[in-house]
Enquirer: 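Quick one: the structure is below, questions incoming.
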Amino acid sequence: MKYKSNNNIVYSCKYHVVFCPKYRRKVLNNGVDERLKELINNICQELHVDLIEMKVKPDHVHLLLEVFVSTVGGAPMSIIKQYIESQKRSE
């Protein structure tokens, strides 16, 4: 497995995402599939997400993505601790 590094961390966070149109209708063809690929590529570039693999079938899409994850959303530790304490009091 290949790991990436960023500042003081080493990570490998990959997601296999599968989604399909409503009722799994076969609508991802006749140019819609190519436009969807363009949009997915653009969004991945904007968000700095590595698109490892993409398969667009007429009735579903497979994506294999690698991302950098901040597990606490970048919130300051004091806010996180305050939230945890408030949850203890509400039980």
Enquirer: Are M54 and L39 co-members of a hydrophobic cluster defined by side-chain heavy atoms under 4.5 Å apart?
Expert: no
Enquirer: If hydrophobic clusters are built by linking Ile, Leu, Val, Met, Phe, Trp and Tyr wherever their side-chain heavy atoms come under 4.5 Å apart, do V49 and Y15 end up in the same one?
Expert: yes
Enquirer: Within a strict 4.5 Å, meaning less than it, do heavy atoms of the E34 and K37 side chains meet?
Expert: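 Yes; the side chains approach each other to less than 4.5 Å.
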Enquirer: What do you reckon, is CZ of F19 surrounded by more than 12 foreign heavy atoms closer than 6.0 Å?
Expert: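 Yes, CZ of F19 has more than 12 neighbouring heavy atoms, counting only those of other groups under 6.0 Å.
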Enquirer: Can you tell me how far the NE2 atom of H62 sits from the NZ atom of K57, to the nearest 0.5 Å?
Expert: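 Taking NE2 in H62 and NZ in K57, the distance rounds to 8.0 Å.
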Enquirer: Just verifying a value: how many Å separate R25 CZ and D59 CG, rounded to the nearest 0.5 Å?
Expert: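 It comes to 12.5 Å.
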Enquirer: Between V67 and C13, is there a side-chain heavy-atom distance shorter than 4.5 Å?
Expert: yes
Enquirer: Among V18, D33, V17, L28, whose side chain to side chain contact (heavy atoms under 4.5 Å, CB included) with V61 holds?
Expert: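 Filter result, single survivor: L28.
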Enquirer: Hydrophobic clusters here meaning ILVMFWY residues chained together by side-chain heavy-atom distances under 4.5 Å, can you tell me if I43 and L65 are in one?
Expert: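 Same cluster: I43 reaches L65 through Ile, Leu, Val, Met, Phe, Trp or Tyr contacts under 4.5 Å.
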Enquirer: From M77 CE over to I84 CD1, what is the distance, rounded to the nearest 0.5 angstrom?
Expert: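 Between atom CE of M77 and atom CD1 of I84 there are 8.5 Å.
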Enquirer: Quick check on the hydrophobic clustering: are L36 and L51 connected, directly or via other members, by side-chain heavy-atom contacts under 4.5 Å?
Expert: yes
Enquirer: If you take all heavy atoms of P21 and V27, which pair is closest and at what distance?
Expert: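 Looking at all heavy atoms of both residues, the closest pair is CG-CG2, 3.7 Å.
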Enquirer: So, applying side chain to side chain donor-acceptor pair (under 3.5 Å) with H60, which one of K55, R24, K26 is it?
Expert: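 It is R24, the one option of K55, R24, K26 that forms the side chain to side chain donor-acceptor pair (under 3.5 Å) with H60.
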